[in-house]
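Step one of this worksheet: look at the structure below.
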Amino acid sequence: MLIPKLEVAIGLETVHPEILRKLNKRMTLHDFRNAVEYLNQNGIRSRAFILLRPPFMLEEEGIEWAKMSIDYAFKAGVECCIVIPVRAGNGAMDILMEKGDFKIPDIKSLEIVLEYGIGLKAGRVFADVWDIGLFSQCKKCIDQRTKRLISMNLNQYINEKVICNCDSGI
Ligand SMILES: [Zn+2]
């Protein structure tokens, strides 16, 4: 018999305090920690949504802050993290993009963050691969990279890197 287990998803977004505030989340890091602690005390598992490269970040910063956000979420006691590359395509993000405050992240950055998260062995880490083609400029390796992400999601194991001509530049 399957016993359904309740699991609550919480959008942590980022542990960058300034940017968390700019995202207009009415949740502080303190609130997040308290919520996870409360859920754990009541036997309810939680998963955290973490953004890869929210607005106002460069690519490298996006990677570093996503890693730090994963660290934070696991320390707070979540069971699982889901890394979401930030997309354009809604009004607010499009305006930020026009102003130069936002650029969509690269699929390679998502691979780096997923590798990091799985490597921690602190819990499961998944990359959100919905519409993942948006995050690649290279038609040659996009299928391989997508397959790699899906396989790492499923197996929670760091697969061999994809080698491509586009590797030099993120
Ligand atoms: Zn490529």
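Counting starts at 1 for both ligands and their atoms, in listed order.
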- Note on the structure: When rounded to the nearest 0.5 Å, the distance separating CG of Leu52 from CG of Asp128 is 10.5 Å
- Item | By salt bridge (Lys or Arg N to Asp or Glu O under 4.0 Å) - contacts of Arg53 (at least two apart) | Glu59
- Task: Tell me the protein N, O or S atoms under 2.8 Å from the Zn ion (ligand 1), in chain and number order.
- Result: Cys138 SG, Cys141 SG, Cys164 SG, Cys166 SG
- Answer yes or no: is there a side-chain heavy-atom contact under 4.5 Å between Gln144 and Cys164? no
Side-chain donor-acceptor distances from residues 112-120 under 3.5 Å, at least two apart:
from   : atom 1 : to     : atom 2 : distance (Å)
Glu115 : OE1    : Lys161 : NZ     : 3.0
Glu115 : OE2    : Arg148 : NH1    : 2.9
Glu115 : OE2    : Arg148 : NH2    : 2.8
Glu115 : OE2    : Lys161 : NZ     : 3.3
Tyr116 : OH     : Asp71  : OD1    : 2.6
Tyr116 : OH     : Asp71  : OD2    : 2.9

- Would you mind listing every salt bridge (charged side-chain N to carboxylate O under 4.0 Å, His left out) that reaches into residues 133-143, with sequence neighbours excluded? none
- Message: Check Arg87 with Asp94, please: is the shortest side-chain N to carboxylate O separation under 4.0 Å?
- Response: no
